[in-house]
Every structure is written in C-alpha cells, then in structure tokens.
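We count ligands from 1, going down the list as the structure has it; atoms in each ligand are counted the same way.
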Amino acid sequence: MKYSSLVEIYDRLNETSKRLEKIEIISEFLRKVKKDELKGVVYLLEGRIFPEGDKRKIGFSNRLMIKALNVASGDGADKIENLFRKKGDLGLVAEEVFKKRKQATLSARELDSGKVLENIRKLAGLEGKGTVDRKIRLITELLANANGKEAKYVVKTVLENLRIGVSSGIIKEGIAKGFEASVDEVEKAADLSGDYGDVAELASAKKLSSVGMKVGKPVKCMLALLAESIDECFESLGEKIQLENKIDGFRLQCHFDGDKIKLFTRRMEDVSEQFPDIVEFLKRHVKGDNYILDAEAVGYDNKSGKYLPFQTVSQRIKRKYNIKEMAGKFPVELDLFDVLYYNGKNLMDAELSERRKILEGIVKEKKKEIVLTKKLVTDDKKKADEWFKKILKLGFEGVMAKNLESKYRPGRYVGGWMKLKSTLEPLDLIIVKAEFGEGKRAGWLTSYTVACKSGDRLLDVGKVSTGVKEKTEGLTYKEMTRVLKPLIEKQKGKEAEIKPKVIIEVGYEEIQKSPTYSSGWALRFPKVLQLRADKPLSEISDLKLIKKIYNYQRGKNKQ
Ligand code: AMP
C-alpha cells in the first residue's frame, strides 16, 4: 500500500477527537486493505511496528533523528536544531523540512508502507560497529522518497510518538465494525493473542473464534477489582468464597511445552532467560507433559528470608548480563495460584475450584522455591475477617478474594477476583511531565506530574516529588532521570513534557477533590513508592478507582 494512503488516514484521525468518528474511519479503511498487508497496517495505525510484548526495541533517539534529518535534507544541523527548539517535535520539523519536496523529486519513488515497516524493523536488529551509520541510512532511505506529511509520520513512528489518539479500544472497535464481528469476539481474541495485527487478519477471514491457547504464547492476565471490605467480597463474589494471601511481587505466566519452559511478565514480555532459577524450580517441582500456570514471583532477603518489595527484584526483569550473579544476589520464590492449561487441555472455562484442585495435585511445594498461595474457602464472614487479619500480621499486603465458580478471564476486570488491602490502595500513575531540580539537583528530573486514565484519555492528578532519594538505596533521582530523559518530548525552561511510558506507584494520605487538575482529584502528601516497569499502560489506575477510594476513605473517616 502506498504510504500516502495511510498518511491520509492519520490526518483524518488527527482531525477528529470523536471516538465514533475515529472508529468509522478505521473500519472503513481496514476493509480496503489487502489481506497480506493488513497486519502491518494495523501495527502502523497503532503507532508500533512490532506486536505488544515483543522484546525488540527501535532504539532511535532524538539526537540521532536530528542527524538523520540533517543528512536526508542537507539543511544543516543548526537549522534542524533551531526548528526543533521552536516546534518541540521532530515530526513537525521533518514536515517543515521536506515540505518543498513535493514537486522537486521527480526521480523519487513513491513511499510504500511495507518499506516503512521493513526499514524501521531493521533498526531494532542492529548491533555493534557502524550501527549509528546504518541506522541513519535506513531512515534517510525512507525520507529520500517522502514528502512533508509522509516525513512527519515516518519520524513520529520511528520515535514511537505517533499520537493520533488511537487507543487499543478504538482499534478493537474499528476491527469489529470493519469486519462485522462483535466487539466482544474481537476483545476475547485480543486477550488471548495480544496482537491486534493477528486479530484483524482473523476477523477479516471470519476466524476469530479459532484463536486458541497455545503453550509458549502468552495470554493476558486476569485482573482484580478493589474491594473495600470482607463484606463487599461476599456481596460481589458469592456466599462461599476463596481467600488467598496477596503476594506483592510481579506476575509471571509460566509455560511448559514438554521441552522448554518460558516465563512471561504481565506485559507478555519473555523473561525466561532472566530467571533461570525459576525455570529450574518449575522443572523440579511441577509435574506434567505441558502446562500454563499463573503466579507471582517475589524476592526475599538472602539473610533474613524476609520478602522484599517489588523494586528490589525488578532489576532482574530487564537484566541481560551477569544473570547468574543477579539470581544469587536477589533470589525469588514463585507463588503459584492458577492453572490455565494442563496436559493438552484448556482450563480457562473450568471453575476456579476445579483449577485450584488440579494445581494442588501437580505441585510439590518447597519453601523459598515454589509454593502455592495460602487459601481459605469459607462462607463465614467472621472467619474470613480473622484470616484477613492473620495474613496482614504475617506481613502480606492483603488478600485476594475469588469467586469459586469463576472462569479464567484474561485481561479483564470481570469481578471474579477482588483484592482487599488494609491501607489505602496506592495508585499506579503515569508520568506525563517532569521538572528539573535546582542547585545541586540541577541535572536531575526531581518532580513529576502524574496522570490516571479515563477511557482513552490521561488526566492529571498532581505533582509528586517526595519518595525519590538523592543517593544511596532505593529509587534515586539519577535513576528517574535516566529513565525519563530519553522520553522528553518538549522542554520549556525547567519543565519537560514526557512521553507517557513510565508508570510509578504513588502512595498518599488522602484523596481530595480538586479543580486544579484535569482529573478533578488531587492527592494529599503524594509519595513515589516505586517504579512499576512491569505494568502496561492499560493497567494504570482509572478515575473510577480514585472515586471509589475517595468514597471509601470518607466512609472510614465517619466511623
Ligand atoms: P494490584 O497489582 O495491586 O492491582 O493487585 C492485583 C495483582 O496482585 C494481580 O494482578 C497479581 O499480579 C497479584 N497477586 C498477588 N497475589 C495474588 C493471588 N493470590 N492471586 C491472584 N493475583 C495475585
């Protein structure tokens, strides 16, 4: 497909903020795309080039893009830098620089969307000597054939900053409408496959229901709603419920296909290589020809044996070198709580009580290696309450309450599971702006504006600057700056707009109504608790949750 056809769609999507119109534009467009191009086109519409969870990274910085624009346009680095300062967006700079191109390039071939994908994908595979030059060549090759608009979107795609207001929800509905499927069917397929490119192909071939579970292919995790009390757990989940200790680690989906064990995070990233210790535990303590298990991995202190917060082991998730050494320094235990597939059988539609029974039959527990979550099945509120308190005393952050008949529903808050904590639930918020400090903190980003979600939008809930340390242990300004600086999109004085990618867990003393922030809410004494690199954007806290905690806290204050 000509890239210019896609550019036309980008422009149209950009021009409207109405969700229904966007869905209409996408559905109409997808219907016209050739079958063999559909997958790639869906990725490009989402502003990505690989499916979600794919480990490959484009790795192209603003610096490098300035160089590439300089080489491709011959306009000189100074001019490009100046324009960047003025416009604050390299996509717009590219548009300006290549605007005059339209008529001038008789010799140029028309840019093809397949070629755009191919070249950007190649960027991710490059390593070693001469990488920078090769990267620049791949991009200049695209820009050489681009007019202003095309250059703008190529640059935005490479920098992963497309921003045309197309969320996964809109893509999902666009696919449903375009191929006459129900939104529910598309959603189910997407939860299993995690790849909208695949889902669109299947929808167009009327084969959505054929998406099955396959060992080795991650599915989305089932999620839990917040409960305010044991009473609410019973009200929502049934007369008799299952309680489990809530582990404060990170989610791991464990796949065994009879030959290899693979581990996936909640973002469907393959971290098998990072956790050879867990692979070994599974081999030793779980029997079966093949399986998919759901679990939480949690770090503990080598000396005291005490469980550690997520932050401490999170370094292992991204680690590429010295993996063995890291495993020794930061040991983890695997706490299993569900089974989705066993010996060739899909168990997602089996009830929780049956799944748990199977799980108990296949695991040989060994402390500090593999254990099952503790459980209490009861219809007695008093007993449940006592158990909850006992679990808190043991140092866990709370309990999970589960409907005994619930099926495993990937990727959804369907109400089969609830979480109950003793303290006000910290929020998982996304950083949208950051500020450089003053004096000796001048080189660091030290204050962060955070946002929650509401549908497809991100809404501010305030600024947070405590919780991060100058030096020593824990999360430091240096680390925050390292993570945030490459994501700066625009900077004015000390304030920088940040590409919304970094999620932090924020604690606070109270939620208040506030006209200052776009969400209508603000946090009193907010504090950064930790980075949540394992959580996807789709799991950040939403307005409904904030309102629920606000009401809960009001109820508590009255007591
Ligand atoms: P939160 O991350 O606070 O939203 O809490 C929900 C998460 O707790 C789940 O998504 C799991 O990753 C994790 N979790 C911890 N213990 C359990 C458990 N026993 N059953 C299910 N999920 C658990």
Side-chain angles (χ1 to χ4, degrees), residues 191 218-228 233 237 241-254 263-269 271 293-299 307 309-311 313-314 317 332-340 352-353 355-356 359-360 363 365 370-377 387-388 391-392 394-404 406-429 452-453 503-507 529-542 544-546 548-549:
D191 287 340
V219 303
K220 293 216 168 141
C221 294
M222 180 152 169
L223 301 167
L225 289 165
L226 180 70
E228 290 169 12
C233 295
L237 301 171
I241 60 173
Q242 173 164 312
L243 294 178
E244 294 173 27
N245 51 335
K246 183 173 188 305
I247 316 291
D248 187 17
F250 59 96
R251 194 80 170 251
L252 266 191
Q253 205 174 81
C254 315
L263 308 173
F264 298 97
T265 64
R266 65 199 310 143
R267 294 172 73 164
M268 301 186 166
E269 279 164 345
V271 290
L293 307 178
D294 201 356
E296 189 87 0
V298 58
Y307 291 120
F310 168 73
Q311 188 71 45
V313 272
S314 68
I317 297 178
V332 287
E333 170 188 282
L334 191 69
D335 286 49
L336 294 165
F337 53 79
D338 219 322
V339 50
L340 283 59
L352 171 72
S353 50
R355 299 200 309 272
R356 177 78 191 200
L359 187 65
E360 286 171 3
V363 180
E365 291 186 82
I370 283 194
V371 293
L372 298 177
T373 49
K374 302 172 199 301
K375 78 160 194 210
L376 172 78
V377 175
W387 201 77
F388 172 49
I391 291 295
L392 291 179
L394 287 173
F396 295 100
E397 57 168 355
V399 292
M400 301 290 293
K402 300 181 178 177
N403 175 334
L404 286 164
S406 60
K407 299 176 174 168
Y408 194 95
R409 286 292 165 255
R412 311 254 198 111
Y413 299 92
V414 279
W417 294 2
M418 299 191 100
K419 55 186 169 187
L420 179 63
K421 298 185 188 176
S422 64
T423 48
L424 286 183
E425 161 99 346
L427 299 173
D428 291 320
L429 300 170
C452 67
K453 66 173 176 176
I503 298 172
I504 48 175
E505 194 177 275
V506 180
L529 299 179
Q530 54 184 343
L531 276 170
R532 287 304 308 226
D534 63 321
K535 287 212 168 171
L537 181 60
S538 57
E539 283 182 41
I540 66 171
S541 305
D542 67 2
K544 272 192 238 146
L545 176 75
I546 294 182
K548 176 155 192 181
I549 299 175

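- Around atom NZ of K374, no more than 12 heavy atoms belonging to other residues, nucleotides or ligands sit under 6.0 Å away.
- Among protein heavy atoms, atom 19 (N) of ligand 1 sits closest to E244 OE1, 2.9 Å.
- Here K535 has side-chain heavy atoms under 4.0 Å from ligand 1, and that is the only part of it that gets that close.
- When only non-hydrogen protein atoms are considered, atom 9 (C) of ligand 1 lies nearest to R251 NH1, 3.4 Å.
- Side-chain atoms of Q242 never come within 3.5 Å of backbone atoms of K402 as a donor-acceptor pair (strictly under, hydrogens ignored).
- Y408 places a side-chain N or O within 3.5 Å of a backbone atom of M222 that can act as its donor or acceptor partner.
- Proximity of a side-chain donor or acceptor of E397 to a complementary backbone N or O of K246 within less than 3.5 Å is not detected.
- Not a single donor-acceptor pair under 3.5 Å links the side chain of E425 to the backbone N or O of I549.
- Closest to atom 4 (O) of ligand 1 among all protein heavy atoms lies K419 NZ, 2.4 Å.
- Put simply, the side chain of D191 never gets that close to the backbone of G411: no donor and acceptor are under 3.5 Å apart.
- In this structure a side-chain-to-backbone donor-acceptor pair under 3.5 Å is missing from K535 to I503.
- Looking only at protein heavy atoms, the nearest one to atom 20 (N) of ligand 1 is K402 NZ, 2.9 Å.
- In terms of protein heavy atoms, atom 18 (C) of ligand 1 is closest to M400 CG, 3.4 Å.
- Nearest-heavy-atom check against atom 6 (C) of ligand 1 across M222, E425, K246 picks out K246.
- In N245, the part holding a heavy atom less than 4.0 Å from any atom of ligand 1 is the backbone.
- Residue T373 has at least one heavy-atom neighbour below 4.0 Å for each of these atoms of ligand 1: 19 (N).
- Considering both main-chain and side-chain atoms, W417 never comes within under 3.5 Å of ligand 1 through any nitrogen or oxygen pair.
- Looking at K421 against ligand 1, only its side chain comes within 4.0 Å, counting heavy atoms.
- Residue F250 does not touch ligand 1, judged by heavy-atom distances below 4.0 Å.
- With salt bridges taken as basic N to acidic carboxylate O contacts below 4.0 Å, none links D428 and R532.
- The residues R251 and E539 are annotated as not salt-bridged, no charged nitrogen and carboxylate oxygen being separated by less than 4.0 angstrom.
- For E296, a nitrogen or oxygen atom sits less than 3.5 Å from a nitrogen or oxygen atom of ligand 1, counting backbone and side chain alike.
- In I247, the parts holding a heavy atom less than 4.0 Å from any atom of ligand 1 are both the side chain and the backbone.
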